[in-house]
Amino acid sequence: MSRAKLTEQEIEGSLAALNASATSPWRIIDGKLHKEFQFRDFSEAFGFMARAALAAESMDHHPEWLNVYKTVRVDLATHDAGGITELDFRLAGRMEAIAG
Ligand code: H2B
């Protein structure tokens, strides 16, 4: 069920809930849940990625992401569903907690 593609209305609701506690907002870009995290330096950015990777693996749900020095660009979508699902919002929430 958590891998069922969400409707636009469901996405808007989940996005508002996620952003209520996020330091900078997640947005929908090209049908994916997108955020650009900024850290103090490369070490912090890579530390975040290491912890997020373990969380992603434990969820069997994996991010598309790109690291350039202290920036980590994240795009979340569920490839099996061809869109955004509850799993993407769960992983985004875990990433927020990790980036803390
Ligand atoms: N991650 C993401 N983001 N989308 C998926 O559809 C997906 C995944 N599918 N991780 C999982 C792995 C699937 O391939 C395995 C077999 O459970």
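Each ligand, and each atom within it, is numbered from 1 in the order the structure gives.
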How about Asp30 and Asp75: do any of their side-chain heavy atoms sit closer than 4.5 Å?
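No, too far: nothing below the 4.5 Å cut-off.
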pair Ile28-His34: side-chain heavy atoms closer than 4.5 Å
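No. Closest side-chain heavy atoms not under 4.5 Å.
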Among protein heavy atoms, which sits nearest to [atom], and what does the distance come to when rounded to 0.1 Å?
{"atom": "atom 5 (C) of ligand 1", "result": "His79 N, 3.5 Å"}
{"atom": "atom 10 (N) of ligand 1", "result": "His62 ND1, 2.8 Å"}
{"atom": "atom 16 (C) of ligand 1", "result": "Asp60 OD2, 4.5 Å"}
{"atom": "atom 7 (C) of ligand 1", "result": "Arg3 NH1, 3.7 Å"}
{"atom": "atom 9 (N) of ligand 1", "result": "Asp80 OD2, 3.1 Å"}

Check each heavy atom of Glu64 against ligand 1 and say whether those closer than 4.0 Å belong to the side chain, the backbone, both or neither.
neither
Does any N/O atom on Ala81 come nearer than 3.5 Å to any N/O atom on ligand 1?
no
Can you confirm whether or not the ring centre of Phe37 sits under 6.0 Å from the ring centre of Trp65?
no
Start with the C-alpha gap between Glu44 and Lys70, add the side-chain angles, then the distance that decides, and say whether salt bridge (Lys or Arg N to Asp or Glu O under 4.0 Å) holds.
CA-CA 7 Å; Glu44 296 237 330; Lys70 59 184 180 177; over 6 Å; no
Quick check on contacts: which atoms of ligand 1 are under 4.0 angstrom from a heavy atom of Thr78?
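Those qualifying, in numeric order: 4 (N), 6 (O).
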Measure across Ala92 and Leu33 and return the closest heavy-atom pair with its distance rounded to 0.1 Å.
CB-CD2, 3.9 Å
Would you call Arg3-Asp60 a salt bridge at under 4.0 Å N-O?
yes
